[in-house]
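So that the names make sense, note that chain A is the first sequence line, chain B the second, and so on, each numbered from 1. Only this structure's heavy atoms are used, side chains among them; waters, hydrogens and symmetry mates stay out.
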Number of protein chains: 2
Amino acid sequence: MQNLDSIGTQIRKLREEAEMPLRKLAALLDIDQSTLSKIERDERRANTQMIEQIAKIFKTDKEKLLIAFYSDVVVYEIHQESSFSEILQVAEAKIEYQRTSKKQAK
Amino acid sequence: MQNLDSIGTQIRKLREEAEMPLRKLAALLDIDQSTLSKIERDERRANTQMIEQIAKIFKTDKEKLLIAFYSDVVVYEIHQESSFSEILQVAEAKIEYQRTSKKQAK
DNA sequence: TAAATTTGGACATTATTTGTCAAGAATAAA
DNA sequence: TTTATTCTTGACAAATAATGTCCAAATTTA
């Protein structure tokens, strides 16, 4: 199954497996080390450019990281809602509908 | 199946079915009419308190409106991503995991 | 202990969201 | 068509949230 670790945890694991200090990864990403520390502990959000750079640095699948990243975003938005399962179903149907119809569903 | 109209469209339909002018609903919700106009056309976001008030005003199912609202939020966050289906799957698994485990998944 | 690494918190800066207004466009009524 | 009503648009300020930066404290490693 898919990796259910948060994007922060996945980044930290990649970094630790590579035995790279946080300070160094922060430098590569051109962000403050305290910012990266917070990202790895899910106190701040990464952005997609960072995810892409991280995938390159650790030679890992960019798409998997992006899935971890966006699923965290989705969880953050709806985790408190009891009907989360219906919400996700409807969201999927909406996206599919937008994709398949020429005209944009407004 | 569920209603795939955007939350804005659903609000507008409820209001028009009740033959209530936008101006009046805006007053009931205590927001500017231009703000409501934008919400109905999905240019601005409603919030959950508005949704709840609207459900009461038009005596409709609050939960269905909330599902429309949150699914729009989710669509907005991930619609540009090709792996949206996987993202939603992982998001659901994450939420279920959080719910079933005593300890919070961090 | 000393060195290196990571974390926490404060703060300024920037970006995004929200509220408000007034004028213009569209629609309906007279 | 004129008038009245309703709705939309854009501009702007105010409030809120996100981001970048610094530095000292805490933690971990050697």
> Is it true that a side-chain atom of R99(A) and a backbone atom of H79(B) form a donor plus acceptor pair closer than 3.5 Å?
Replying inline: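 Such a contact is found between R99(A) side chain and H79(B) backbone.
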Go through [options] for me and flag the one nearest to the [X] side chain.
X	options	result
R15(A)	dC7(D), dT20(C), dT6(C)	dT6(C)
S34(A)	dT21(D), dT5(C), dC7(D)	dT21(D)
L22(B)	dG9(C), dC7(D), dT9(D)	dC7(D)

Do the side-chain N and O atoms of [X] and [Y] include a donor-acceptor pair separated by under 3.5 angstrom?
X	Y	answer
E92(B)	S85(A)	yes
S6(A)	D72(A)	no
S83(A)	E63(B)	yes

> Would you say the side chain of V73(B) lies within less than 4.5 Å of the side chain of R45(B), judging by non-hydrogen atoms?
Replying inline: yes
> Starting at the 5' end of DNA chain D, which residue's closest nucleotide do you reach first, S37(B) or A46(A)?
Replying inline: S37(B)
> Taking for each residue the nucleotide of DNA chain D with the nearest heavy atom, is it Q33(A) or R44(A) whose nucleotide lies nearer the 5' end?
Replying inline: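 That would be R44(A).
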Let me know the distance between [atom1] of [X] and [atom2] of [N], rounded to the nearest Å.
X	N	atom1	atom2	answer
L36(B)	dT8(D)	CG	P	9 Å
I31(A)	dT19(D)	CD1	C1'	11 Å
D32(B)	dG10(D)	CG	C1'	13 Å
L25(B)	dT5(D)	CG	P	20 Å
D42(A)	dT7(C)	CG	C1'	15 Å
R23(A)	dT7(C)	CZ	P	14 Å
E16(A)	dT28(D)	CD	C1'	12 Å
E43(B)	dC7(D)	CD	P	15 Å

> Any side-chain N or O of R41(A) less than 4.0 Å from the OP1 or OP2 oxygen of dG8(C)?
Replying inline: yes
> Between R45(A) and dA15(C), is there a side-chain N or O to OP1/OP2 distance below 4.0 Å?
Replying inline: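 So the side-chain polar atoms of R45(A) never come under 4.0 Å of the phosphate oxygens OP1 or OP2 of dA15(C).
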>> Can you tell me whether the side chain of K38(B) and the base of dG10(D) have a donor-acceptor pair closer than 3.5 Å?
In response: yes
